[in-house]
There are 2 protein chains.
Amino acid sequence: MAEDIFKALADPTRRKILDELAERSGQTLFEICSRLSMKHQLGLSRQAISQHLAVLEAAGLVESRREGRYKFHDLNTAPLEHIAERWIRRDAPEDS
Amino acid sequence: MAEDIFKALADPTRRKILDELAERSGQTLFEICSRLSMKHQLGLSRQAISQHLAVLEAAGLVESRREGRYKFHDLNTAPLEHIAERWIRRDAPEDS
DNA sequence: ACTATAGGCAAGCACACACTTGCCTATCAA
DNA sequence: TTGATAGGCAAGTGTGTGCTTGCCTATAGT
């Protein structure tokens, strides 16, 4: 549960994938690959990205839909919403 | 920076240490050890916890102060505040 | 002084994990 | 059907890391 989310966020490449999907949701594996190598100089193999996407999907951070031979990946930020509330006690309201 | 924080949060034992410090800040290494083994059945060595605390401190999530032969550890939730805002775009206000 | 407590340092081990390579399947266009 | 594109599966490799063990330092009590 939370274990999967934190493990998924632990890797810098996976965080960049989330960045990429946040900027433009609904990309295919090849799109993510090429844009990561363009913008971030990340020369990773297609399988590496594919495995990262699997981890992100297992954590619920990425959802995928298949259309023909394309598989589109969408960002899901819902699991991130209250991830740190576990330790942040607001017994003293900060402002407002 | 963010790298250290996510790596620190990736380990379940470290998250339990944060839980423990959130519940009761200012504990020593031995206190954390014994309470982890009591409440969570975590029979880890003192050095294991010490190394975890070093990782948490490097991430800025834990601060320590030395007094005599005691070293007290305090939780610092500041780095956690906006950790997920990187991906959560509020271009559409959710409610309120 | 001696002893016990609180903690630090460093080497070693074993497993997890990021990444690659090679091969296979499925969809679409010619 | 043939070829090209988009993707999947599985085994192998190497580094990172969580944890242990053993020894050392420092503070406090007697």
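Each chain gets a letter, A, B and so on, in the order its sequence line appears, and its residues count up from 1. For clarity, every value in this text was computed on a predicted model and none was experimentally measured.
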Please give, in whole Å, the distance from D:dT27 P to B:Glu67 CD? 14 Å
Within the structure provided, determine whether A:Lys71 and A:Leu29 are in side-chain contact (heavy-atom separation under 4.5 Å). no
Does the side chain of B:Ile49 come within less than 4.5 Å of B:Leu42's, by heavy atoms? no
If you define the side chain from C-beta out and look only at heavy atoms, does anything of B:His73 sit under 4.5 Å from B:Glu31? no
Which whole-number value in Å describes the distance from A:Lys71 NZ to D:dT5 C1'? 16 Å
Distance (rounded to the nearest 0.5 Å) between B:Ile17 CD1 and B:Gln27 CD: 10.5 Å
Only Watson-Crick and G-U wobble pairs with both distances less than 3.5 Å should count. Give DNA chain D in dot-bracket notation, marking inter-strand partners with |. ||||||||||||||||||||||||||||||
Take the protein atom CZ of B:Phe72 and the nucleotide atom P of D:dT27, then report the distance between them rounded to whole Å. 15 Å
Can you tell me if A:Lys7 touches the phosphate of C:dA16, counting only side-chain N or O atoms and a distance under 4.0 Å to OP1 or OP2? no
Within residues 43-62 of chain A, which residues have any heavy atom lying less than 4.0 Å from an atom of DNA chain D? A:Arg46, A:Gln47, A:Ser50
Rounded to whole Å, please give me the gap between CZ in A:Arg69 and P in D:dA6. 6 Å
Any side-chain heavy atom of B:Leu44 within less than 4.5 Å of one from B:Leu36? no
Pairs where residues 32-41 of chain B contributes a residue and the test salt bridge (Lys or Arg N to Asp or Glu O under 4.0 Å) is met, not counting sequence neighbours: B:Glu20-B:Arg35, B:Glu20-B:Lys39, B:Glu23-B:Arg35, B:Glu23-B:Lys39
Whole-Å distance between D:dG16 P and A:Asp11 CG? 13 Å
Go through residues 26-37 of chain A and report each residue with a non-hydrogen atom lying under 4.0 Å from DNA chain D, sorted by number. A:Thr28, A:Leu29, A:Phe30
Counterpart residues, side chain to side chain contact (heavy atoms under 4.5 Å, CB included), relative to A:Glu63 (two or more places apart): A:Asn76
What residues from residues 12-23 of chain B pass a heavy-atom cutoff of under 4.0 Å to DNA chain D? B:Thr13, B:Arg14
Less than 4.5 Å apart, side chain to side chain, heavy atoms only: is that true for B:Val55 and B:Lys7? no
Check the pair B:Val62 / B:Leu18 against side-chain contact (heavy atoms from CB on, under 4.5 Å), numbers first and verdict last. CA-CA 8 Å; B:Val62 164; B:Leu18 292 183; 4.1 Å; yes
Please state how far atom OH in B:Tyr70 lies from atom C1' in C:dG7, giving the value in whole angstrom units. 12 Å
Nearest atoms (heavy-atom pairs only) where B:Ala10 meets B:Arg15: O-NH1, 3.3 Å
Please determine whether residues B:Leu61 and A:Trp87 belong to a single hydrophobic cluster, defined as Ile, Leu, Val, Met, Phe, Trp and Tyr linked transitively by side-chain heavy-atom distances below 4.5 Å. yes
When you group the ILVMFWY residues by side-chain heavy-atom contacts below 4.5 Å and let the links chain together, are A:Leu75 and A:Phe30 in the same group? no
According to a hydrophobic-cluster definition based on side-chain heavy atoms being under 4.5 Å apart (Ile, Leu, Val, Met, Phe, Trp, Tyr only), do B:Leu56 and B:Ile83 belong together? yes
